[in-house]
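Keep in mind the model is a prediction, meaning the values are calculated, not measured. Counting begins at 1 with the first residue of the sequence.
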Amino acid sequence: MLPSFVDESFPLGISLGASVRVEKRSQVTRLLNGVETRNAIWKGTRRHFDVGTGLRSSADLHRVLSFFEKVGGRLCGFRFRDPMDHKSCAFDGTPSATDVTLGTGDGTTASFQLIKQVGAVGVEWQRKITKPVAGTLSVAVDGQLKTVGSDVLLDPLTGILQFQAGHIPTNHQVVTAGFLFDTPARFENDQLEINLLHFEAGQVPSIPLVELLS
């Protein structure tokens with residue numbers, strides 16, 4: 001039996017050429033006088049991807065088909081590199097240890113969840129990051145770098161930092177981090193339609209994926 005999540009990455013070269021659709025859920029009610037009231041049903045978002053636009057060759061088609069078989073269609077989740085959002089910093093920046101504030105120490109709390117602040121001031125929300133990219137994490141406490149792998153450990157499947165004894169942040173110390181991350185996703189359908197002749201003639205197949213929320 002396949003697990004619910006396979007810790008493998010969708011082919012990177014294809015994912016970076018994917019198209020992205022970001023979904024929010026709101027309720028809009030129009031009153032008799034024409035005035036609208038609007039309420040957010042979801043505070044966060046859900047991302048949808050179409051990897052068909054990232055296909056460049058028949059070899060890419062075979063890579064996708066092989067991956068589809070490996071994860072059992074939509075049965076299993078996997079890592080996907082969102083071409084529009086995979087850094088703790090700005091899209092055109094380089095991650096640093098002070099990008100994101102994870103919390104403040106109290107002398108006893110040793111675990112901190114990786115997050116990313118999203119949205120404008122007043123409507124911002126914390127996106128939970130559960131699939132950081134190995135080897136890209138840097139962590140600081142009050143601006144002082146910590147050694148990942150000894151001072152602090154990272155669970156790559158949950159995005160939880162665990163400070164080790166002697167390195168637990170004390171009262172009022174600010175914990176920050178920088179990293180690259182993947183988005184947990186799955187195929188949106190259990191069928192994959194690929195026609196090699198049509199592809200070679202310039203017809204790009206639609207291969208939708210959807211973000212897994214946690």
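Salt-bridge annotation for Arg79 and Asp182: present, with a side-chain N of the basic residue lying under 4.0 Å from a carboxylate O of the acidic one. Arg21 and Glu188 are not joined by a salt bridge, as no carboxylate oxygen comes within less than 4.0 angstrom of a charged side-chain nitrogen. For Arg25 and Glu23, the salt-bridge test passes: some basic side-chain N is under 4.0 Å from an acidic carboxylate O.
Cluster membership for Val148 and Leu145, using ILVMFWY side-chain heavy atoms within less than 4.5 angstrom, is not shared. Under the 4.5 Å side-chain heavy-atom criterion for ILVMFWY residues, a single connected hydrophobic cluster contains both Val22 and Leu209.
Interatomic distance, NZ of Lys70 versus SG of Cys76, reported as 11.5 Å (0.5 Å rounding). Going from atom NZ of Lys131 over to atom CG of Leu212 covers 8.5 Å, rounded to the nearest 0.5 Å. The structure places CZ of Phe179 at 5.5 Å from CD1 of Ile129, a figure rounded to the nearest 0.5 Å.
Ring geometry for Phe187 versus Phe68: interplanar angle over 60°, hence perpendicular rather than tilted (30 to 60°). Between Phe78 and Phe67, the two ring planes are perpendicular [angle over 60°; tilted spans 30° to 60°].
Within the 4.5 Å cutoff, the side chain of Val210 has heavy atoms near those of the Arg186 side chain. In this structure, Thr158 and Thr130 have side chains that are not in contact, with every pair of non-hydrogen atoms separated by 4.5 Å or more. Between Phe112 and Val152, every side-chain heavy-atom pair lies at or beyond the 4.5 Å cut-off. Between Thr104 and Pro169 there is no side-chain heavy-atom pair separated by less than 4.5 Å.
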Does the side chain to side chain contact (heavy atoms under 4.5 Å, CB included) test come out yes or no for Leu75 and Val71, once each step is laid out?
CA-CA 7 Å; Leu75 181 63; Val71 299; over 6 Å; no
Might you work through the side chain to side chain contact (heavy atoms under 4.5 Å, CB included) test for Thr109 and Ile168, ending with a clear yes or no?
CA-CA 7 Å; Thr109 299; Ile168 295 174; 5.9 Å; no
Pair Asp99, Thr176 - check side chain to side chain contact (heavy atoms under 4.5 Å, CB included), show working.
CA-CA 7 Å; Asp99 285 346; Thr176 58; over 6 Å; no
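Residue Thr183 is tested with Arg127, Arg47, Arg81, His86 for a side-chain hydrogen bond (donor to acceptor under 3.5 Å, both in side chains); the sole match is Arg127.
For Ser19 and Asp50, the side-chain atoms include no donor-acceptor pair closer than 3.5 Å.
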